[in-house]
Amino acid sequence: MKATQSPSWARIPNAIFGWFDERIGLTGMITALLHMEIPRSAHTYYLGGITMFFFMVQAATGILLSLYYQPTPEAAYDSILFIMNELNFGWLVRSVHAWGANLMIVFCILHMLRIIVQGAYKKPREVTWMVGMGLLFITLGFGFTGYLLPWDQRAYWATTVGTEIAAAVPFIGRNILEFLRGGADVSALTLSRFLGVHMLIMPASLIAFLTLHIIIIHKQGLADPKAREDE
Ligand code: HEM
């Protein structure tokens, strides 16, 4: 082996990549996904990307937490105490998940504000905006459903009050409340319902909406507010 040549095991990833690339054109897909023209006046165009980054952090830490979290009224709080006090780095994973949840909401709202300030919601980007509104609701929904999972006093009463607000909707308010709680009161059924929404329905919908968001953005390119000023 020459001194300049990398050892044969180090070439394995390249060989695997090359095998797939030759058959399904990976380079083309990656180039199309990553290489995009960014307007010169772009100073805050990273906010959507940061929101997406926090979603990935939430997915990774959420999967780790789900390995030890027990979703029953008897065991949920104790499993949180176990994660925080006994599990190696459990406190870190849970804290990153909690901070990540808040930061994802903050950056989603900052991203939306930049869209408003730069008028990037205007024609032809109305659909991107509408899909974005869906993403905002899902992001807030993650926070609302996740809050109940530790099953402590704060979680219990926040959900009691939160679902009570839904009851204020005229005519169908009571039905919405019972649908959310799985009955008249916050109970074991509310916990399993919220967990299902938090771990399955919300992630699946966010991935679907986000894929659509990104496909449209790639198709249309990013809005250039400077060009609009010059028109
Ligand atoms: C989970 C939440 C969201 C993620 C991960 C996300 C992600 C992104 C990304 C990566 C971009 C391209 C780069 C950028 O402009 O920052 C983008 C653009 C855009 N987003 Fe979002 N977004 C989210 C929520 C929203 C919300 C709440 C709205 C508005 C209601 C929105 C409306 C738009 C629009 C109109 C564009 C096109 C901007 C342009 O052409 O200049 N997005 N989004």
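Keep in mind that what you see is a predicted model, and the values were worked out from it rather than measured. Every heavy atom of this structure was used, including side-chain atoms; hydrogens, water molecules and symmetry mates were not. Counting starts at 1 for both ligands and their atoms, following the listed order.
Of the possible polar contacts, one joining the Asp21 side chain to the Thr27 backbone as a donor-acceptor pair under 3.5 Å is found. Using a distance-only test at 3.5 Å, with no hydrogens or angles considered, no donor-acceptor pair links the side chain of Glu126 to the main chain of Tyr121.
Contact of the Leu135 side chain with the Cys108 side chain is not registered, since no non-hydrogen atoms from C-beta on lie closer than 4.5 Å.
For Arg94, there are no salt bridge (Lys or Arg N to Asp or Glu O under 4.0 Å) partners at least two apart in sequence or on another chain.
Protein heavy atom nearest atom 30 (C) of ligand 1, with residue, atom name and distance: Met133 SD, 3.4 Å.
Contacts with ligand 1 closer than 4.0 Å are made by side-chain heavy atoms of Leu210 only, the backbone lying farther away. Of all the heavy atoms of Thr44, none lies under 4.0 Å from any atom of ligand 1, so neither backbone nor side chain is involved.
For atom 21 (Fe) of ligand 1, protein N, O or S atoms closer than 2.8 Å were enumerated as His111 NE2, His213 NE2, with waters left out.
Polar contact with ligand 1: present for Tyr45 (N/O pair, distance under 3.5 Å). In terms of polar-atom proximity, defined here as any N/O pair under 3.5 Å, Ala223 does make such a contact with ligand 1.
The closest approach between any non-hydrogen atom of Phe55 and ligand 1 is not below 4.0 Å.
When each atom of ligand 1 is checked for a heavy atom of Met52 under 4.0 Å away, the hits are 5 (C). Of all atoms in ligand 1, listed by their number and element, those nearer than 4.0 Å to a heavy atom of Arg114 are 14 (C), 15 (O), 38 (C), 39 (C), 41 (O). Below 4.0 Å from some heavy atom of Ala120 lie the following atoms of ligand 1, by number and element: 35 (C), 38 (C), 39 (C), 41 (O).
Ring geometry, Tyr156 versus Trp151: the interplanar angle exceeds 60°, so the pair is classed perpendicular (tilted spans 30 to 60°). Using bins of under 30°, 30° to 60° and over 60° for the plane-to-plane angle, the ring pair Phe55/Phe142 lands in the tilted bin.
Because its NZ or CZ atom is not both nearer than 6.0 Å to the ring centre of Tyr46 and within 45° of the ring axis, Arg114 does not count as a cation-pi partner of that residue.
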